[in-house]
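Scroll down for the structure; my scribbles are underneath it.
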Amino acid sequence: MIQTKTIFTVHSPGTIVYGRDSFEEVGEYAKKLGSKALIVSDPIMDSLGFVNQCRTLLKTQGVEAVSYIGVVTEPNDTYVAEGLQLLQNENCDVILSVGGGSCIDTAKAIAVVATNGGYIGDYMKMAKVAEQAPIPHIAIPTTAGTGSEATDATVITNTKSDVKMMIKQPAFMPTVAIVDPILTLTSPPAITAATGIDALSHAIESYLSRLAHPYSNVLALSAMELIVNNLVKVYEHGDDVDAREAMSLGSMQAGLSFSNASVALVHGMSRPIGALFHVPHGISNAMLLPAVLDFSKESCIDRLADLGQFFNETKEPLSQEELAQLAITSIKEMCKHMKIGNLKQWGIEEQAYYDAIPKMAEDAIASGSPSNNPKVPTKEELMELYKIAYTYEF
């Protein structure tokens with residue numbers, strides 16, 4: 001593990017509330033932050049009644065609310081503009097996001113642009129720094145996956161260039177995170193699998209990252225253990241509240257870890273696939289994770305061995321090489337069991353995919369994430385990895 005820094009800065013939400021039925025406390029926290037809320041959500045959350053439930057909980061504390069439920073795909077700059085317009089028209093002074101990472105990332109962007117102005121893309125790579133405090137934001141995840149409720153990053157697609165803009169600044173950190181595993185009970189198996197592998201990717205990449213440090217390592221290790229031991233359980237038995245609770249905690253810990261140690265090659269490669277071929281983020285991460293671990297293995301055997309211990313059910317003594325391989329093999333088996341297909345099986349047309357590989361490799365490198373990987377790929381190696389991932393067999 002390459003380590004040169006000795007001083008680290010840790011960012012996290014001002015308040016984290018987690019546990020069963022913690023959603024019930026949203027009104028109490030909202031009234032401390034504002035008097036009129038913009039609820040950012042999506043049609044599925046609305047149909048499940050979560051948006052109305054949120055309105056009711058706010059109303060009991062005297063907080064008015066309007067809702068923007070236009071987040072129907074992964075977050076893009078159009079959603080940010082529409083949500084911002086509603087917030088301004090209705091004079092909202094607090095934002096609540098209810099949903100998966102798309103809703104939370106959209107709300108983060110609205111909160112910052114509302115007080116700092118400009119276009120959300122202006123904030124990419126710190127070209128524009130958010131100097132004014134954002135609108136207070138309460139993030140309420142309904143999946144155990146992205147960990148976005150605990151990160152200071154947002155990923156927004158530029159609809160003109162088809163580039164997923166990775167934007168990271170302290171101002172994007174939610175003010176409050178409310179993590180209630182009960183809200184994840186409605187997540188169907190396919191979403192549970194995709195978001196769960198996404199969370200596992202966060203934990204693994206933050207642990208393997210060249211920017212990892214003692215604080216992020218503790219969170220990553222705990223997250224990996226929780227997710228490894230519970231993801232298949234919630235995939236097979238969605239009503240297992242204990243396993244759902246463990247996944248929610250693991251996902252949040254993974255978010256805290258990668259927010260402070262950064263992600264690496266999986267995420268760098270995943271974003272261009274999502275932007276160009278509209279594969280949901282969690283699914284593209286899952287499709288890429290085993291292939292990237294194969295590529296990176298020789299540069300991080302010790303760290304992969306730590307992950308392998310969580311899969312070593314018999315606890316028999318194994319070498320670091322054996323444990324590292326066990327980790328990769330077990331993740332492949334997990335993905336296969338949960339019906340994570342490859343990119344070809346997803347339905348991406350072969351010629352269009354191969355034509356896009358040079359751009360995807362360039363966009364991945366430009367994101368900066370691949371440079372955090374234990375083994376930093378060249379552009380040629382990235383292009384080859386994209387080819388391998390297209391027909392990868394789990």
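Sequence positions, counted from 1, serve as the residue numbers for this chain. Source: prediction; values computed, not measured.
Taking each heavy atom of Thr115 and Ala133 in turn, the nearest pair found is OG1-O, 2.9 Å. Nearest approach of Ser330 to Phe311, heavy atoms of both residues: CB-CD2, 3.2 Å. Here the closest non-hydrogen pair linking Pro75 and Ser102 is CD-OG, 3.3 Å. Looking at every heavy atom in both residues, Val176 comes nearest to Leu33 through CG2-CD1, 4.2 Å. The shortest non-hydrogen separation linking Gly34 to Val63 is O-CG2, 4.1 Å. Listed here is the closest heavy atom pair of Lys164 and His281: NZ-CB, 4.1 Å.
A continuous path of Ile, Leu, Val, Met, Phe, Trp and Tyr side chains, each step under 4.5 Å between heavy atoms, connects Leu288 with Leu304, placing both in one hydrophobic cluster. Cluster membership for Phe258 and Met166, using ILVMFWY side-chain heavy atoms within less than 4.5 angstrom, is not shared. Under the 4.5 Å side-chain heavy-atom criterion for Ile, Leu, Val, Met, Phe, Trp and Tyr, Ile283 and Leu293 are members of the same hydrophobic cluster. Taking hydrophobic clusters as Ile, Leu, Val, Met, Phe, Trp and Tyr residues chained together by side-chain heavy-atom distances below 4.5 Å, Leu96 does not share a cluster with Tyr68.
Taking CD1 of Ile331 as the reference point, atom CD1 of Ile197 lies at 7.0 Å (rounded to 0.5 Å). Here CG of Leu323 is found 4.5 Å from CG of Leu318. Values are rounded to the nearest 0.5 Å. Rounding to the nearest 0.5 Å places CD1 of Ile44 at 9.5 Å from OG1 of Thr186. Between atom CE of residue Met287 and atom SG of residue Cys335 there is a gap of 10.0 Å, rounded to the nearest 0.5 Å. Put simply, CG on Leu231 and CE on Met247 are 4.5 Å apart, with the number rounded to the nearest 0.5 Å. Residue Leu343 holds its CG atom at 4.5 Å from CD1 of Ile348, rounded to the nearest 0.5 Å.
Remark: the backbone N or O of Val218 is not paired with any side-chain donor or acceptor of Ser222 at under 3.5 angstrom. Looking only at distances, no side-chain donor or acceptor of Glu28 sits under 3.5 Å from a matching main-chain atom of Glu25. Here the side chain of His202 pairs a donor or acceptor atom with the backbone of Thr146 at under 3.5 angstrom. With hydrogens and angles ignored, the 3.5 Å screen pairs no side-chain donor or acceptor of Asn116 with any backbone N or O of Pro134. The main-chain N or O of His11 is found under 3.5 Å from a side-chain atom of Asn260 such that the two form a donor-acceptor pair. When atom types are taken as modelled, the side chain of Asn342 and the backbone of Gln345 share a donor-acceptor pair closer than 3.5 angstrom.
Val112 is not listed as a side-chain neighbour of Ile167, based on a closest heavy-atom distance of 4.5 Å or more. Using a 4.5 Å heavy-atom cutoff, the side chains of Glu64 and Asn91 are not in contact. Between Leu183 and Val98 the shortest side-chain heavy-atom distance does not fall below 4.5 Å. Leu211 places none of its side-chain heavy atoms less than 4.5 Å from the side chain of His213. Side-chain contact between Ser35 and Asp93: present, with at least one pair of heavy atoms (C-beta onward) separated by less than 4.5 Å. Side chains of Met334 and Leu289 form no contact here, defined as non-hydrogen atoms less than 4.5 Å apart. The shortest side-chain heavy-atom distance between Tyr79 and Thr73 falls under the 4.5 Å cut-off. By the 4.5 Å heavy-atom criterion applied to side chains, Leu265 and Phe295 are counted as neighbours.
Aromatic ring orientation, Tyr353 versus Phe277: tilted (interplanar angle from 30° to 60°). Using a 30° and 60° split on the angle between ring planes, Phe394 and Tyr392 fall in the perpendicular class, above 60°.
Within 6.0 Å of NZ on Lys336 lie no more than 12 heavy atoms contributed by other residues, nucleotides or ligands. Atom CD of Glu313 has 12 or fewer neighbouring heavy atoms from other residues, nucleotides or ligands inside a 6.0 Å radius. For Ile182, the CD1 atom is densely surrounded, since the number of other residues' heavy atoms within 6.0 Å is greater than 12. Within a 6.0 Å sphere centred on NZ of Lys160, heavy atoms belonging to other residues, nucleotides or ligands number 12 at most.
Asn372 and Ser209 share no side-chain donor-acceptor pair at under 3.5 Å. Of the N and O atoms on the side chains of Ser187 and Arg244, not one donor lies less than 3.5 Å from an acceptor on the other residue. At a cut-off of 3.5 Å, with distance as the only test, a side-chain donor of Asp306 or Tyr207 sits close to an acceptor on the other residue. Thr143 and Thr195 form no side-chain donor-acceptor contact under 3.5 Å, judged by distance and modelled atom types alone. Judged purely by distance below 3.5 Å, without hydrogens or angles, the side chains of Ser148 and Lys108 pair a donor atom with an acceptor atom. Side chains of Ser284 and Ser270: a donor-acceptor N/O pair is present below 3.5 angstrom, by distance only. A donor and an acceptor atom, one from each side chain of Asp46 and Ser41, are nowhere located under 3.5 Å apart. Between the side chains of Asn285 and His267, at least one donor-acceptor pair of N or O atoms lies under 3.5 Å. Glu205 and Ser201 form no side-chain donor-acceptor contact under 3.5 Å, judged by distance and modelled atom types alone.
Remark: Asp242 engages Arg20 in a salt bridge, criterion side-chain N to carboxylate O under 4.0 Å. Here Lys233 does not pair with Glu236 in a salt bridge; the nearest charged N to carboxylate O distance is not below 4.0 Å. Under the 4.0 Å criterion applied to side-chain N and carboxylate O atoms, Glu90 and Lys36 are assigned as salt-bridge partners.
Taking the ring centre of Tyr390 as origin, the terminal cationic atom of Lys387 falls outside the region bounded by 6.0 Å and 45° from the ring axis.
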